[in-house]
Amino acid sequence: MAFWLFKSEPFKWSFEQQKACGADGTEWSGVRNYQARNFMRAMVLGERGFFYHSNEGKAVVGIVEVCGLAHPDSTADDPRWECVDIRAVMDLPNPVALDVCKSEPRLKDMVLVTNSRLSVQPVGEAEFAAICEMGGLDVAAAAGTGKR
DNA sequence: GCCAACGTTGGC
DNA sequence: GCCAACGTTGGC
């Protein structure tokens, strides 16, 4: 199981809007970057990730789950662009801000910290756990591996 | 609003 | 295939 991070400017698409889509989720459309696309191609159903608000907010605000494998992006006129579908799972009780991530030793190698421009990125298991802990979430619950 | 970092494009 | 020019992203 891998973990991911999806970045969005809240004015364009916020976690509130994501939650409003419910369990069906939505296309994570609009990605026009090969690295980001390749990460989406590697995603598996049920994998979890963070929802990060860039620009305004600059914080990890929620947990999402991959609910549709990579497919052509309906908003692209070029079929080489693909995206997955994701749905909101839960909020982080305490959003974890970027500057907090930057000053957290366990997150010093996190892609969010080292390459702020990548809009879809992998998250290490330890990084996932650290942010859940800092955000006030039970790691197993956030990862979807705990008891329900 | 500025600018640094990064990616992409296109001329050669 | 290199590299300069350009566009975009996103932190500050």
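Every chain is numbered from 1, with letters handed out A, B, ... down the list of sequences. In what follows, every heavy atom counts, from backbone to side chain, and hydrogens, waters and symmetry copies are set aside.
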Original post:
Applying the salt bridge (Lys or Arg N to Asp or Glu O under 4.0 Å) test to Arg87(A), which of Glu65(A), Glu27(A), Glu47(A) qualifies?
Top reply: Glu65(A)
Tabulate atom names and distances for all N/O pairs under 3.5 angstrom spanning the protein and nucleotides 2-4 of chain C.
none

Subject >> Side chain of Tyr34(A) - closest among dC6(B), dC12(C), dT8(B) >> reply: dT8(B)
Original post:
Can you check the Lys7(A) NZ to dT8(C) C1' distance for me, whole Å?
Top reply: 12 Å
Original post:
Whole Å only: how far is the NZ atom of Lys102(A) from the P atom of dG11(C)?
Top reply: 7 Å
Original post:
When the distance from CG of Leu5(A) to C1' of dG10(C) is rounded to whole Å, what number comes out?
Top reply: 14 Å
Original post:
Nearest of dT9(B), dG11(C), dG10(C) to any side-chain atom of Arg80(A)?
Top reply: dT9(B)
**OP:** Name the nucleic acid region contacted by Lys12(A), choosing base, sugar-phosphate or nothing; use a 4.0 angstrom heavy-atom cut-off, strictly under.
**Re:** nothing
Original post:
Where each residue is assigned the nucleotide of DNA chain C containing its nearest heavy atom, which of Arg117(A) and Asn55(A) is assigned the position nearer the 5′ end?
Top reply: Arg117(A)
Subject >> Exercise: do Trp13(A) and Gln18(A) side chains pair donor with acceptor under 3.5 Å >> reply: yes
**OP:** Take the protein atom CZ of Arg32(A) and the nucleotide atom C1' of dG7(B), then report the distance between them rounded to whole Å.
**Re:** 15 Å
For residues 50-64 of chain A, tabulate all N or O donor-acceptor pairs below 3.5 Å that involve a side-chain atom, not counting sequence neighbours.
| residue | atom | partner | partner atom | Å |
| --- | --- | --- | --- | --- |
| His53(A) | NE2 | Phe15(A) | N | 3.0 |
| Asn55(A) | ND2 | Glu9(A) | OE1 | 3.4 |

Original post:
Rounded to the nearest Å, what distance is computed from the CD atom of residue Gln35(A) to the C1' atom of nucleotide dT8(B)?
Top reply: 13 Å
**OP:** Could you check how far CG of Asn33(A) sits from P of dG10(C), rounded to whole Å?
**Re:** 10 Å
**OP:** Mind running salt bridge (Lys or Arg N to Asp or Glu O under 4.0 Å) on Arg106(A) and Glu127(A) for me, showing each step along the way?
**Re:** CA-CA 7 Å; Arg106(A) 288 176 294 173; Glu127(A) 294 164 351; over 6 Å; no
Original post:
Hey, are Ser119(A) and Arg37(A) close enough side-chain-wise for a donor-acceptor pair under 3.5 Å?
Top reply: no
**OP:** Return yes if some donor-acceptor pair links the side-chain N/O of Asn115(A) with the main-chain N/O of Arg117(A) below 3.5 Å, else return no.
**Re:** yes
Subject >> Which nucleotide in dT9(B), dG11(C), dA5(B) has an atom nearest any side-chain atom of Lys58(A) >> reply: dG11(C)
